[in-house]
Structures are given as structure tokens and as C-alpha cells.
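Report on one structure; see the data block that follows.
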Amino acid sequence: MAWDTYYRDSIAEVELTAIEYNIQQLKQRLEKETEICAVVKADAYGHGDVQVARAALKAGAKSLAVAILDEALKLRRAGIEAPILVMGWTRPQDAAVAAENDIALTVFQKDWLKDAVGFLGINALKLHLKMDTGMGRIGVRTVSELGEVLAVLAETPKFQLKALFTHFATADEGDSQYFNQQQERWDEMFSYFKRNWADDVEIHTSNSATSMRVPERMDHFVRFGISMYGLYPSPHVKRERPIDLKPAFSLSSRLIHVKKIKAGESISYGATYTTEKEEWIGTIPLGYADGWIRKLQGAEVLVDGKRQPIVGRICMDQFMIRLDQEYPIGTKVTLIGKQGDQEISADEIAEHLETINYEIPCMISQRVPRVFQEDGRTVEVRNSLL
Ligand SMILES: *Cc1c(COP(=O)(O)O)cnc(C)c1O
């Protein structure tokens, strides 16, 4: 059981009002009929699965998507009744668990269907059929494979085909050549499908980048992930700014020790940093076990509205910064977020780490409590340790 408190001032604040704002911004851009499916896989990109799912549904999202069955089951256990899609591969022997909990699974292998049917009980299983139009990850790649899967589906009433979908590999880039190629493959497979399947099914082809940049697509719903959290899918889309977004995630701690150090003294493991003059050094109780990885040595944090550098190696549970002056114990330190007119964004951290912003909230570990807010007011705390 997670107690709704914590005993260390290193927390991730998740502004649920921002999530709602981002959903509303996208809604205004989409065609009226197009619904939003909130992608809450990977603990809602590290933000907090159940709380984000509830906020997204409240803001008008009609369904939820996750990567694996366990994530879907967690949402059901929390009492969430909205439609849920598992977008990854599920073991055929787990089809019954999905069906019992009214969770839709992704299918693309005919042998999977033949295996899974043997495990099903009385409940029918909802399925979304995945086309691989160029992502090269999962999905049927040809019309003949598609035909084989449809043939098995047609003879098995326990399977309910609900939707057809695909995923674009380059929707966040300026060059649209590969995107158009995927679109052509999709058109070809979809027209084959329409000729060979009598019932109407839903289609969904858009992630954040596609839904914001090509909002006029006739998707029944879009799979809204990264931008629901207030981050643009790439620097290119950030420059385009198709809609306004507010980041929901911030990370902060407090100074727990401040000391003046003489010139020529060293800091942390390996003594990789040596003071050049007399310096104020602050200690922050957060480290690589919290996801604040060692590669962040040399990055900056905000104290008193000013940027202050991380010095010396980051330890498992603590790291040090060079301060521009003395500060009292308990002074707030912002690692991701705003202080005054300064901001350290997930994009900036991603750039320092030579990765994408998606990775940043995902890498902040479960040891860091998630503090959920609405309009800056704390409404819930999730501490996975207690
Ligand atoms: C993660 C994922 C999404 C969401 O992508 P974003 O770029 O975060 O919007 C959509 N579809 C699939 C299949 C995914 O795996």
C-alpha cells in the first residue's frame, strides 16, 4: 500500500491541469469526430499511470493505450472502466485474462490467433489488427499476411475485430518522403481490408506528431502520448509548434548540506572536480538510483532562480553542486522545471544526454514520489516505497 506521504524532499510534481490543457489544445485542432486515446504506457511516461489516466479521461479522452497487459490490468484494478488497448505483443496464454478484464489486444500473427483461441473462456476477446507499413517492429507487412489473419478471425466468433492500426516512423521529421511511403502502404492494405471484411472497424494511425501535424486525417481516434505530457515529439515539431503545450512534469529537491571549501579540494568519487578558489558546495539528496544518472555531471540545476552546475560524480543517492553563495539548508533545488524566469526543460536534459525527451521522465525511478497537483495544489501523493 502506498502511503500518501514521503520523508525525503526529492519529488516529481505532476501538474494534472497541464495534461488536461494539452488534451484540450489537441481537441481543438482535430476534426470534430476524431477522439483521443491517452497513451499511458510505462507508468504514463514516468508521470503516474492511474492518476494521469483519470485526468485524461476527465479532460475528454475516450480510451487508454498501454504497452503490456500488466499495465492494462493495473488500470482495471484501480477501477478505470474506459476502453484499454495493449499496443504490444501479449502471450497467447494470457488472452483469457485480457478478455475477462475487457482489455483489447493487438494482433498480427495468424498462429497467435490459433493458439490464443484455445485459452479463451466464455468472454470474447477484442482485437486491434496492426499493420507494419514501415516501422519494421510488429504488424502484418503484406496483403497476403493480412488475408491469412482475416481468414482466421472470420471463422472464430470469440474474436471481435475492433480496429485496424499502424504507426509512423518519421512523423516528427521535416522530410515527409518516408511518411508518404508508409501512407501508400497503409492505403493499399486498407483498401484490401475493405474489400475482404464486411463489418466496419475503427482506424487509428496517429501518434502525437501525426495528430498535431496532420490533424485532418480521418482517424476515429489518435494515440496521444508525449505531447499529452506537454513535450514536443522532436526539436523539429517544437519549432513548428502546431499547438501550444504545457509540460506537466517537474523534479525538485532541497539542499541538505552547504559548506565552504578551500581552493584545491576535491568533490565526490574519483576526485574528478577540484575547486579553483574558495567555493560554496551544496549537497542534494538524489542520485543515479533515482534516475539522475552519472552522465548528468556537468549539467545544471536551479537554486534561487539561478543556474548552478553539478560538480563531481553523481553518487547513487546524492550529488553536489557549486553554489554562487551560501544558502540555508532546505533551499529548494529545481532539476527539471521553472524557478523565476529560468527553466530547465526535459528537452535540455535530453540534449545534455544526447537522447530524446521521452526518456527523461521515464528514467526518474520509482524511488521518487509522484506528487499530483491541480492548479498548483497537491491532490494526491504516490510513494512506491511505503
Ligand atoms: C508509444 C506509442 C504511441 C505514442 O507515441 P507518442 O509519440 O508518444 O505520441 C502511439 N502508438 C504506438 C504504437 C506507440 O507505441
Side-chain angles (χ1 to χ4, degrees), residues 18-19 22-23 25-27 29-30 34-47 49 52-53 56 59 61-72 75 83-90 103-108 127-141 162-173 178-179 182 186 202-215 217 219-238 240 242-243 245 247-249 346-347 350 355-363:
I19 303 244
N22 299 328
I23 288 176
Q25 294 303 299
L26 180 65
K27 225 165 171 34
R29 185 157 168 88
L30 291 171
T34 303
E35 303 287 359
I36 293 176
C37 167
V39 179
V40 294
K41 64 191 178 189
D43 193 24
Y45 294 41
H47 290 61
D49 42 19
V52 168
K62 285 290 183 295
S63 61
L64 303 166
V66 292
I68 60 175
L69 181 57
D70 306 63
E71 294 173 333
L75 298 172
I84 304 177
L85 167 65
V86 174
M87 299 184 293
W89 188 86
T90 306
I103 292 162
L105 298 183
T106 291
V107 67
F108 48 93
L127 293 169
H128 292 216
L129 176 41
K130 180 79 183 275
M131 314 284 171
D132 179 4
T133 55
M135 180 70 185
R137 190 165 62 180
I138 55 173
V140 297
R141 287 180 70 89
K162 289 287 177 190
L164 216 58
F165 74 115
T166 194
H167 192 55
F168 290 108
T170 61
D172 59 349
E173 294 177 10
Y178 197 79
F179 182 90
Q182 281 197 258
W186 167 262
E202 295 195 313
I203 60 164
H204 52 101
T205 63
S206 304
N207 55 4
S208 294
T210 314
S211 59
M212 294 189 298
R213 299 180 76 207
V214 203
R217 299 176 69 81
D219 280 9
H220 290 90
F221 62 86
V222 297
R223 304 185 303 270
F224 197 37
I226 192 70
S227 297
M228 178 172 74
Y229 304 97
L231 302 176
Y232 292 92
S234 68
H236 177 81
V237 179
K238 189 175 187 176
E240 274 184 359
I243 63 173
L245 295 174
F249 190 92
D347 293 337
T355 183
I356 54 173
N357 55 18
Y358 291 67
E359 248 191 301
I360 308 308
C362 283
M363 78 185 194

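Note that this is a predicted model, so its numbers are computed, not measured. Quick note: numbers below take in every heavy atom, side chains included, and nothing from hydrogens, waters or symmetry partners. Indexing begins at 1, ligand by ligand and atom by atom, following the structure's order.
Side-chain atoms of S227 come within 3.5 Å of backbone atoms of L231 as a donor-acceptor pair (strictly under, hydrogens ignored).
Nearest protein heavy-atom contact of atom 8 (O) of ligand 1 is Y45 OH, 2.6 Å. Summary of contacts: the protein heavy atom closest to atom 11 (N) of ligand 1 is R223 NE, 2.8 Å. The protein heavy-atom contact nearest to atom 7 (O) of ligand 1 is Y358 OH, 2.6 Å. Scanning the protein for heavy atoms near atom 14 (C) of ligand 1, the closest one is K41 NZ, 3.0 Å.
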**OP:** Assess whether side-chain contact (heavy atoms from CB on, under 4.5 Å) is satisfied between I23 and M228, documenting all intermediate values.
**Re:** CA-CA 6 Å; I23 288 176; M228 178 172 74; 3.8 Å; yes
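Taking R29 as the reference, nothing meets the side chain to side chain donor-acceptor pair (under 3.5 Å) condition, with sequence neighbours excluded. For D43, the side chain to side chain donor-acceptor pair (under 3.5 Å) criterion is met by Q366, R382, not counting sequence neighbours.
Between I226 and ligand 1, at least one N/O pair is under 3.5 Å apart.
Exactly one residue among H204, R223, K130 makes a side-chain hydrogen bond (donor to acceptor under 3.5 Å, both in side chains) with H167. That residue is R223.
Residue contact check: G225 has heavy atoms under 4.0 Å from atoms 6 (P), 8 (O), 9 (O) of ligand 1. Near R137, meaning under 4.0 Å from any of its heavy atoms, are these atoms of ligand 1: 13 (C), 15 (O). If you number the atoms of ligand 1 from 1 as listed, the ones under 4.0 Å from a heavy atom of S208 come out as 6 (P), 9 (O). Of all atoms in ligand 1, numbered sequentially from 1 with element shown, those under 4.0 Å from a heavy atom of M87 are 2 (C), 11 (N), 12 (C), 13 (C), 14 (C), 15 (O).
Using the six-membered ring where Trp is involved, F221 and H128 have ring planes that are tilted, between 30° and 60° apart.
Expressed to the nearest 0.5 Å, how far CD1 of I84 lies from SG of C37 amounts to 10.0 Å.
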